[in-house]
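Note sheet for the following structure.
Nothing here was measured: the structure is a model prediction, and the numbers come from that model. Just so you know, ligand 1 is whichever comes first in the structure, and atom 1 is the first atom listed for that ligand.
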Amino acid sequence: MEEKIKSLQERLNRYNYEYHVLDAPTIPDSEYDKLLHELIELEEQHPEFRTAASPTVRVGGEVLDRFEKVAHDTPMLSLGNAFNEEDLRAFDKRVRDSVGDVEYVCELKIDGLAVSLKYVDGVFVQGATRGDGTIGEDITSNLRTIKAVPLTLKEPMSFEARGEAYMPKRSFQRLNEAKEARGEALFQNPRNAAAGSLRQLDSKLAAERNLSIFLYSVNDLAQIEATTQGEALDILDDLGFRTNKERRLVRSIDEVIEYIEYWTTHRADLDYDIDGIVIKVNDLETQEQLGYTVKSPRWAVAYKFPAEEVVTEILDIELTV
Ligand SMILES: NC(=O)c1cc2c(=O)c3cc(F)ccc3oc2nc1N
């Protein structure tokens with residue numbers, strides 16, 4: 001029986017990976033659901049096999065009375081901001097004055113919630129919010145419900161992956177429509193909806209919110225033998241993580257500005273909100289040479305899009321004189 005349960009767990013984890021990470025499902029949802037319920041039944045009879053690697057944990061079920069605090073193995077810092085071309089050129093000058101010629105990786109800045117996923121021997125064991133950068137909140141059971149989060153890796157490695165959990169725009173619209181129908185207060189934007197969903201004490205509620213995630217770094221890069229940020233992202237792909245495909249390697253700040261201009265006009269076409277572009281020195285050794293300020297890396301900057309002017313409907317009020 002153990003073999004049957006284990007092979008069903010692996011089969012369903014594979015289907016999850018194809019659907020939610022590769023965006024290339026190989027079986028219809030109905031077939032997946034049938035197999036999942038078969039596994040749920042079997043694990044009911046043999047709970048000793050319901051491990052952290054089982055896809056049945058994604059349906060949620062644990063209800064916490066509060067979130068435990070978690071100390072990050074390595075601090076989760078925040079990015080310094082750039083608001084215009086002048087800031088970007090100043091960043092580029094500081095970098096080049098310090099370390100000479102560099103390549104940059106440009107990444108879309110996903111507008112969600114920064115999270116850390118801890119793996120031990122290739123198994124997802126703990127997930128946490130950024131918190132104050134040193135201490136976050138343990139939201140493992142909620143992060144397990146995100147189907148793009150791998151419960152096991154292809155290699156038995158131990159590290160913390162960092163990424164941004166988010167709610168796709170379509171899910172945000174559906175959620176607010178449902179809330180409106182129930183006369184409930186609406187979420188202001190997908191970011192607040194994602195944060196609110198991941199702070200649910202009942203992981204069944206988080207499971208219904210159709211959250212997703214993009215991973216962008218690992219805290220122990222030496223272990224994954226990456227020498228650049230670009231390679232680190234490719235290795236995250238190989239390990240079974242979902243990364244954002246719109247990244248681009250560029251050789252100058254002029255190309256960074258071109259990339260920013262492109263996404264300033266095309267971000268509406270994305271199925272998720274971005275609030276800017278993250279620019280990172282590509283070479284990891286050069287990143288270490290540049291180092292950190294108290295709270296931010298010197299080797300990266302977040303260009304923030306101008307806040308979209310909120311067009312409030314000016315109700316033309318008939319002035320009764
Ligand atoms: N929201 C994001 O899409 C995103 C966020 C960060 C960070 O917050 C971040 C913070 C650091 F201290 C260092 C690198 C980072 O890289 C990042 N890369 C990204 N793509």
[atom] - nearest protein heavy atom and its distance:
| atom | answer |
| --- | --- |
| atom 10 (C) of ligand 1 | Leu77 O, 3.4 Å |
| atom 19 (C) of ligand 1 | Tyr216 CD2, 3.4 Å |
| atom 2 (C) of ligand 1 | Ile110 N, 3.5 Å |

Testing Leu290, Thr286, Ile253 for side-chain contact (heavy atoms from CB on, under 4.5 Å) with Val95, which one passes?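 Going through the options one by one, the only one that passes is Leu290.
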Looking at [X], which atoms of ligand 1 are within less than 4.0 Å of one of its heavy atoms?
| X | value |
| --- | --- |
| Arg130 | 8 (O) |
| Lys280 | 16 (O), 17 (C), 18 (N) |
| Leu108 | 3 (O), 20 (N) |
| Lys109 | 1 (N), 2 (C), 3 (O) |
| Glu107 | 18 (N), 19 (C), 20 (N) |

Non-hydrogen atom of [X] closer than 4.0 Å to ligand 1:
| X | result |
| --- | --- |
| Ala300 | no |
| Arg162 | no |
| Met76 | no |
| Ile274 | no |

Count the heavy atoms of every other residue, nucleotide or ligand shown that sit under 6.0 Å from CD of Gln45, and state whether that count exceeds 12.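 Correct, the count exceeds 12.
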Find the distance between CD (Glu103) and CG (Leu249) and round it off to the nearest 0.5 Å. 4.5 Å
Ring centres under 6.0 angstrom apart (Tyr259, Tyr303): no
Between Phe214 and Tyr166 (judged by ring centroids, cut-off 6.0 Å), do the two rings come close enough to count as a pair? yes
When Ser141 is tested against each of Arg58, Glu62, Gln200 for side chain to side chain donor-acceptor pair (under 3.5 Å), which residue passes?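 One option only clears the test, and that one is Glu62.
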So Tyr32 and Tyr15, would you call those rings parallel, tilted or perpendicular, with 30° and 60° as cut-offs? perpendicular
Passing candidate, salt bridge (charged side-chain N to carboxylate O under 4.0 Å, His left out) with Asp92, options Arg94, Arg96, Arg89: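 The option that passes is Arg96.
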